[in-house]
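Each remark here refers to the structure printed beneath this line.
As the structure lists them, so they are numbered: ligands from 1, and atoms in each ligand from 1.
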Amino acid sequence: MDLLVVGSGFFGLTVAERAAASGRKVTVIDRRDHIGGNAYSEHEPQTGIEVHRYGAHLFHTSNPAVWEYANRFTTFTNYVHRVFTTHDGVVFPMPINLGTINQFFGAAYSPAEARALVHRLAGEFDERSAQNLEEKAIALIGRPLYEAFIRNYTAKQWQTDPRKLPADVISRLPVRYTYDSRYFDDTWEGLPADGYTAWLERMVDHPNIDVRLRTDFFDETQPLHRRATLGRLPIVYTGPIDRYFDFAEGVLSWRTLDFEQEVHDVADFQGTSVMNYADAEAPFTRIHEFKHFHPERADRYPRDRTVIMREYSRFASRDDEPYYPVNTPSDRAGLLAYRELARGEDGVFFGGRLGTYQYLDMHMAIGSALSMWNNRLT
Ligand code: FDA
């Protein structure tokens with residue numbers, strides 16, 4: 001074996017695939033019982049509908065190298081992501097755009113009029129001196145839009161009153177002064193035509209790649225554990241960086257999600273793939289309805305049944321799946337200390353969202369894995 005990759009998410013698999021293609025023998029271990037990390041999807045057994053087990057995954061990128069690389073393993077549908085939100089019994093398009101503003105204020109503002117209105121409402125606070133998330137959000141979009149669309153949604157995401165959250169949790173709140181309600185504005189966007197798992201399986205389908213599931217790097221009863229491999233061969237580590245160093249510099253904090261999946265005997269539950277719930281009364285943040293991700297599969301999916309998933313958000317404890325870095329000042333200090341430790345760890349390459357404590361979209365995980373391969377591992 002020439003290389004050990006810990007974690008089979010997009011970061012680990014991209015490095016493994018590149019290494020195998022260049023003739024190296026690679027072993028990939030993952031503690032889960034499937035490859036793919038959080039991008040993994042599976043067919044819900046009663047309906048055959050593809051479900052993203054760890055939350056909705058939409059592929060989008062403006063990076064030509066990543067787009068070309070992804071297309072070696074899958075074709076993409078022409079799915080374009082749009083999100084709606086329910087507030088006070090009315091459905092609005094998101095992110096906030098001219099359609100949202102005009103519907104909310106019952107008006108027909110031109111782009112310039114809407115911009116002037118938001119600018120005037122935002123004058124209540126100064127962005128630079130905002131003391132908390134609420135003040136910062138009001139300084140960005142004004143109180144009425146904040147209270148309708150951001151306040152309770154944010155409180156549910158963080159399980160914390162936005163007046164108690166630091167201002168730097170948000171850097172910007174996008175407002176579009178057109179009717180363009182596309183969620184992403186990248187050059188390329190779509191969903192893998194045969195699903196995520198088929199794409200991920202094609203990446204490891206190489207005689208030089210050996211995949212071992214249910215294998216934890218820190219479990220000393222399995223042969224490829226940390227002490228047995230460190231210093232013997234290069235290791236690409238994509239698990240949590242604080243866990244690698246036995247939490248010596250403290251535990252980095254994450255938010256996690258809980259999912260509640262249901263099969264309903266209706267053709268269509270909500271008419272769209274993602275509906276946010278902006279108000280406090282609904283305890284969940286959003287509902288996903290998976291059949292809407294693949295309208296081109298209408299003849300294969302059941303006409304009278306559908307799968308939905310409610311999403312709830314909360315702070316993660318050490319046993320929960322880490323999903324989004326919280327990034328408090330003490331997390332940032334801890335991360336700097338861990339980066340220093342990582343620099344001293346000869347032969348170990350830390351990557352991916354857990355290994356670098358950063359939220360990475362799939363295209364970013366693939367892009368940074370390609371550059372690690374090109375610049376540090378070849
Ligand atoms: P990832 O977390 O996927 O993989 C890490 C792997 O390491 C896991 O399989 C884990 O089991 C394994 N591991 C950890 N510790 C280990 C140990 N000790 N031993 C062995 N294995 C270990 N992106 C996007 O582009 N569009 C989207 O819509 C979304 N949506 C989205 C929703 C949610 C809820 C989340 C959390 C994330 C997204 N993403 C996304 C981001 C996407 O999931 C992300 O880019 C990839 O997961 C990053 O891949 P990684 O390989 O870095 O990590």
Side-chain angles (χ1 to χ4, degrees), residues 4-17 27-41 52-63 66-67 70 76 79 81 83 157 183-184 186 188-192 196-197 199-200 203-204 211-220 222 224-226 229 235-246 254-259 273-274 285-286 288 293 309 311-314 316 318-325 348-370 372:
L4 174 64
V5 174
V6 180
S8 66
F10 267 116
F11 192 98
L13 292 193
T14 301
V15 171
E17 189 281 333
T27 298
V28 181
I29 63 170
D30 202 296
R31 63 179 173 188
R32 290 177 175 167
D33 61 1
H34 59 76
I35 61 165
N38 280 8
Y40 174 75
S41 70
H52 303 172
R53 193 195 280 185
Y54 303 95
H57 275 67
L58 297 316
F59 189 75
H60 54 99
T61 185
S62 297
N63 180 330
V66 169
W67 181 242
F76 288 88
Y79 176 82
H81 195 44
V83 172
Q157 275 184 313
Y183 198 76
F184 302 114
D186 277 310
W188 296 286
E189 174 177 357
L191 288 165
Y196 280 99
T197 296
W199 171 5
L200 294 154
M203 290 180 80
V204 291
V211 178
R212 301 191 195 171
L213 299 175
R214 297 179 204 84
T215 305
D216 191 316
F217 189 50
F218 302 106
D219 172 5
E220 302 217 340
Q222 63 86 11
L224 296 174
H225 65 81
R226 176 177 48 179
T229 52
I235 299 169
V236 171
Y237 175 81
T238 73
I241 190 165
D242 53 356
R243 172 68 189 90
Y244 182 93
F245 293 106
D246 299 315
W254 293 83
R255 269 194 306 127
T256 193
L257 301 175
D258 296 313
F259 298 113
S273 50
V274 178
T285 49
R286 40 188 189 165
H288 309 277
F293 285 128
M309 193 163 86
E311 185 176 305
Y312 301 79
S313 174
R314 61 182 167 81
R318 220 191 255 191
D319 297 330
D320 290 315
E321 287 294 343
Y323 281 148
Y324 300 106
V348 184
F349 300 84
F350 293 82
R353 66 184 187 98
L354 302 168
T356 59
Y357 189 67
Q358 297 180 65
Y359 178 78
L360 296 178
D361 269 326
M362 292 177 280
H363 66 282
M364 297 156 90
I366 294 170
S368 59
L370 289 174
M372 179 185 277

Centres of the Trp254 and Tyr357 rings: under 6.0 Å? yes

Can you pull every nitrogen or oxygen pair between ligand 1 and the protein closer than 3.5 angstrom?
| unit_1 | atom_1 | unit_2 | atom_2 | d |
| --- | --- | --- | --- | --- |
| ligand 1 | 2 (O) | Arg353 | NE | 3.0 |
| ligand 1 | 2 (O) | Arg353 | NH2 | 3.0 |
| ligand 1 | 3 (O) | Asn38 | N | 3.0 |
| ligand 1 | 9 (O) | Asp30 | OD1 | 3.3 |
| ligand 1 | 9 (O) | Asp30 | OD2 | 2.6 |
| ligand 1 | 11 (O) | Asp30 | OD1 | 2.7 |
| ligand 1 | 18 (N) | Asp216 | OD1 | 3.0 |
| ligand 1 | 19 (N) | Phe217 | N | 3.1 |
| ligand 1 | 21 (N) | Arg31 | N | 3.2 |
| ligand 1 | 23 (N) | Asp361 | OD1 | 3.1 |
| ligand 1 | 23 (N) | Met362 | N | 3.2 |
| ligand 1 | 25 (O) | Asp361 | OD1 | 3.3 |
| ligand 1 | 25 (O) | Met362 | N | 2.7 |
| ligand 1 | 26 (N) | Leu58 | O | 2.8 |
| ligand 1 | 28 (O) | Ala56 | O | 3.3 |
| ligand 1 | 28 (O) | Leu58 | N | 2.8 |
| ligand 1 | 30 (N) | Ala56 | O | 3.0 |
| ligand 1 | 39 (N) | His57 | NE2 | 3.3 |
| ligand 1 | 39 (N) | Tyr359 | OH | 3.1 |
| ligand 1 | 43 (O) | His57 | NE2 | 2.7 |
| ligand 1 | 45 (O) | Leu360 | O | 2.6 |
| ligand 1 | 45 (O) | Asp361 | O | 3.2 |
| ligand 1 | 45 (O) | Met362 | N | 3.1 |
| ligand 1 | 51 (O) | Phe10 | N | 3.2 |
| ligand 1 | 51 (O) | Phe11 | N | 3.0 |
| ligand 1 | 52 (O) | Arg353 | N | 2.9 |

Counting N and O atoms only, with roles assigned by atom type, does the side chain of Asp361 sit under 3.5 Å from a partner on the main chain of His363, one being a donor and the other an acceptor? no

Sub-4.5 Å side-chain heavy-atom contact between Leu58 and Phe293: yes

Check the angle between the aromatic planes of Phe59 and Phe76 and answer parallel, tilted or perpendicular using the 30° and 60° thresholds. parallel

Measure up the Tyr244 and Phe218 rings against each other and bin them: parallel (under 30°), tilted (30 to 60°), perpendicular (over 60°). perpendicular

Give a yes or no on whether a salt bridge exists between Asp246 and Arg226, defined as a side-chain N under 4.0 angstrom from a carboxylate O. yes

